[in-house]
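Worksheet for the structure shown next.
Below, each value reflects all heavy atoms present in this structure, side chains not excepted, and no hydrogens, waters or symmetry copies. Naming: A, B, ... by sequence-line order, numbering from 1 per chain.
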Amino acid sequence: MLQQLNSSQRSAVKCIDKPCLVLAGAGSGKTRVITYKIAWLIQQCGYPANAIAAVTFTNKSAREMKQRVSSLMPRKQTRGLRVSTFHTLGLSIIKHSLAALGLKTGFSIYDNTDSLSLVRELMRKTFSDPKNQAEMTLHQIDRWKNAFITPEAAQRLANGDQQLTIAAAIYEQYNHHLRTYNAVDFNDLIMLPVILLRSNEEARNYWQSRIRYLLVDEYQDTNNTQYELVKLIVGDKSGLTVVGDDDQSIYAWRGAQPENLLGLGNDYPNLNVIKLEQNYRSTGCILKAANTLIQNNPHVFEKKLWSELGFGEHIRILPCANEDIEAEQIVAEILHHKFQYGTNFKDYAVLYRGNHQSRLFERALRENNIPYYLSGGNSFFSYTEIKDLLSYLRLVANTDDDNAFIRVVNTPRREIGPSTLEALNRFSSQYNHSLFSACFESNITTGLKKRAQQNLHDFAKWILDVAHTAENDTPVAALKRIIQDIDYEQWLNDTAKDEMVAARKIENVNELIEWVSKLHTKDPEASLHDIITKLTLIDTLERNDDDEIGDNVSLMTLHAAKGLEFPHVFLVGMEEELLPHRTSIEEENIEEERRLAYVGITRAQTTLTMSFAKQRKRYGEIVDCEPSRFIDELPKDDLHWLGDNSKLTKQEQKQKGQMHFSSLRALVSGES
DNA sequence: AGAGTGAACCTTTTT
DNA sequence: GGTTCACTCT
């Protein structure tokens with residue numbers, strides 16, 4: 001069974017009597033180790049599948065891992081196996097002990113935007129300070145939650161510092177709001193389980209015996225609370241395997257602590273440390289570049305990746321006059337290369353630092369009729385129409401969800417404007433009622449007109465009625481009824497700027513319906529609330545997963561690319577102030593940026609091209625750019641600088657590019 | 001109440 | 001260059 005593994009991988013799989021740390025370089029087969037280990041535990045060690053849990057960081061990798069495990073053994077044997085993200089695991093723990101945590105069934109999960117708008121609102125209410133500090137405050141709250149610091153403790157720690165004092169006050173109100181409205185945020189999904197398991201022996205015993213073996217992927221990305229959760233679940237068992245790579249730690253900004261890799265040795269003195277250093281992914285040249293680059297970072301664990309795949313082609317560096325030409329050139333390059341080598345579009349990936357960089361590439365790809373897959377950025381769930389409908393569903397599932405209430409109460413128009421809402425809000429906070437239930441109070445005397453009161457009452461009654469439908473019918477039926485009752489298509493047609501936009505929005509609505517019905521078929525027992533929960537936790541990458549992966553060029557951020565691999569990678573925007581990003585330069589945090597570049601380079605299997613623009617528009621203004629320092633850090637002899645055609649005028653460039661395109665396009669389309 | 005206009009901010013990265 | 005938010009006008 002372990003024939004297909006090398007000796008290090010094999011010993012990692014077979015190590016079960018001690019906790020095990022696998023330091024796995026990029027492309028060294030760490031997912032393989034985890035999946036084989038799960039199979040080993042089940043088939044050789046006699047663990048029932050439901051006693052094993054594997055934790056990943058994205059839903060996408062969870063899915064992929066599940067699939068890879070089921071390809072190793074009959075479906076029957078994997079029944080009950082838990083492969084999920086930390087957040088989903090936390091959610092299960094919370095659901096199991098709702099009452100002990102002071103939550104009621106049907107609680108809502110606030111996503112980041114929900115949290116942010118709540119903070120914004122609280123700040124506006126309390127401090128009429130128009131400064132845009134909500135984001136900073138939320139970030140501070142995140143940090144406090146991560147360190148298990150209560151609002152009271154935060155207030156003490158602030159020690160008079162004005163900003164911190166304000167943040168702590170907001171923190172207090174923020175938590176209070178969540179509790180009042182039966183809601184949790186993303187941090188709570190991890191933090192509450194930790195608090196529960198620490199203080200509640202029964203729950204702790206339950207989970208410690210329920211999960212007999214725990215495997216954690218991308219361990220360098222765990223934060224403080226996640227580490228605590230791991231320790232509490234493992235207890236004094238030795239059923240723990242952790243896989244990570246400190247060179248791929250790119251989430252420090254959201255609290256990840258790569259030093260958790262180190263701390264493991266202290267918490268588990270008999271820890272078995274295994275290094276995986278053979279890379280099965282990239283050519284020698286690409287690997288050498290990656291190794292040379294990352295050598296500029298300090299290291300806790302020295303490791304040296306090597307490959308048997310041969311040296312391969314040189315890394316190409318493509319200088320461009322500006323960012324338009326960069327996009328055009330690369331798209332031309334993809335077409336050309338595909339034609340020459342008969343590859344598929346899905347073999348190519350364009351990777352960049354920030355989501356906004358995707359635009360130009362999207363345009364260039366669309367102009368050439370090249371199908372592409374865009375990850376991140378404006379996620380499906382950030383479209384207003386989707387947020388609206390999801391808020392309707394949330395309100396139906398949990399009528400106390402004030403955020404959802406506010407979002408939909410006047411969309412489409414119901415003549416319930418700011419002044420009405422303000423009165424309602426005054427009333428509801430006075431009696432600590434949700435906005436929804438306040439609609440039914442007939443003694444709102446705070447200057448509400450009869451008509452406004454009637455509108456509110458009608459709306460709330462209708463919501464109750466839909467909720468009733470939802471109880472007796474499928475979630476899809478409830479959603480469809482909402483869309484119909486509010487005449488949503490009409491509303492979209494009326495409000496959208498032009499027909500195209502409206503049509504796209506309606507398409508999105510239909511996609512949402514499909515989502516809900518798909519989730520329902522998958523798990524017919526799931527309540528409306530379960531489905532909303534799933535939708536809230538779904539990340540953007542999972543969207544296209546159900547449909548088989550099409551033949552698309554991938555566009556994604558370096559963060560989103562982690563864990564993936566492509567035959568041909570284009571690393572674009574290799575410029576100072578972009579990669580490394582300006583704020584990181586200012587904060588003197590170059591190392592994480594270097595790791596980001598490292599992650600990008602190591603995504604490539606056979607060819608790697610890096611490009612940079614000499615000029616780029618920034619906020620509509622043209623600025624000169626310097627090539628990234630990371631290019632200088634690569635081995636000079638392995639770089640192939642492509643013709644520097646930046647001396648041509650822009651128009652000549654365009655012409656040249658276009659001629660190139662049309663001839664190629666003819667060839668390619670003739671072929672297929 | 002709601003639509004329409006200008007200023008201000010902005011771009012890291014995401015569960 | 002594009003979006004979001006606050007203010008003003010109908």
Evaluate the ring pair (Phe, Tyr, Trp, His ring centres under 6.0 Å) criterion for residues Tyr392(A) and Tyr488(A): first the C-alpha distance (whole Å), next the side-chain angles of each, then the deciding distance (0.1 Å), finally the verdict. CA-CA 12 Å; Tyr392(A) 269 108; Tyr488(A) 200 55; 7.4 Å; no
Between Thr88(A) and Arg82(A), does a side-chain hydrogen bond (donor to acceptor under 3.5 Å, both in side chains) hold up when you go through it step by step? CA-CA 10 Å; Thr88(A) 310; Arg82(A) 181 188 291 275; over 6 Å; no
Using the rule given for side chain to side chain contact (heavy atoms under 4.5 Å, CB included), can you reason through Phe361(A) versus Val553(A), listing the C-alpha separation, both sets of side-chain angles and the distance that settles it, and then say yes or no? CA-CA 10 Å; Phe361(A) 289 92; Val553(A) 172; over 6 Å; no
Yes or no on salt bridge (Lys or Arg N to Asp or Glu O under 4.0 Å) for Arg616(A) and Glu575(A), after CA distance, side-chain angles and deciding distance? CA-CA 10 Å; Arg616(A) 185 178 288 275; Glu575(A) 292 144 40; 2.7 Å; yes
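Taking atom CD of Gln226(A) as the reference point, atom C1' of dT14(B) lies 12 Å away to the nearest angstrom. Between the C1' atom of dT15(B) and the CD atom of Glu218(A) lies a distance of 13 Å, rounded to the nearest Å. dT11(B) atom P lies 13 Å from atom CH2 of Trp253(A), rounded to whole Å. Rounded to an integer number of Å, the gap from CD of Gln257(A) to P of dT15(B) is 19 Å. Atom-to-atom, CD of Glu621(A) to P of dT11(B) comes out at 17 Å; the value is rounded to the nearest Å. Put simply, NZ on Lys145(A) is 18 Å from P on dT15(B), counting in whole angstrom units. Summarising the geometry, the separation between CG on Leu116(A) and P on dC5(C) is reported as 9 Å, rounded to the nearest angstrom. Atom P of nucleotide dT13(B) and atom CD of Glu593(A) are separated by 11 Å, given to the nearest angstrom.
Stacking between Phe86(A) and the base of dT15(B) is absent under the criterion of ring centres within 5.5 Å and planes under 30 degrees. In this structure, the aromatic ring of Tyr251(A) is not positioned over the six-membered ring of the base of dT13(B) within 5.5 Å between centres and 30° between planes.
Of the candidate nucleotides dG1(C), dT13(B), dT15(B), dT15(B) has the atom nearest to the side chain of His87(A). Closest to the Arg254(A) side chain, of the nucleotides dT15(B), dT11(B), dT3(C), is dT15(B). The nucleotide whose nearest atom lies closest to any side-chain atom of Thr557(A) is, among dG1(C), dT11(B), dT14(B), dT14(B).
Checking Arg414(A) against His559(A), the closest nucleotide of DNA chain B that is more toward the 5' end is the one next to Arg414(A).
Proximity of Asn223(A) to the phosphate of dT15(B): no side-chain N or O atom is located under 4.0 Å from OP1 or OP2. A sub-4.0 Å separation between OP1 or OP2 of dT13(B) and a side-chain N or O of Asn355(A) is present.
Remark: Phe612(A) engages no residue in a ring-ring contact (aromatic ring centres under 6.0 Å, His included) (not counting sequence neighbours).
Comparing dT11(B) with dA6(C), their C1' atoms are spaced 22 Å from each other, to the whole Å.
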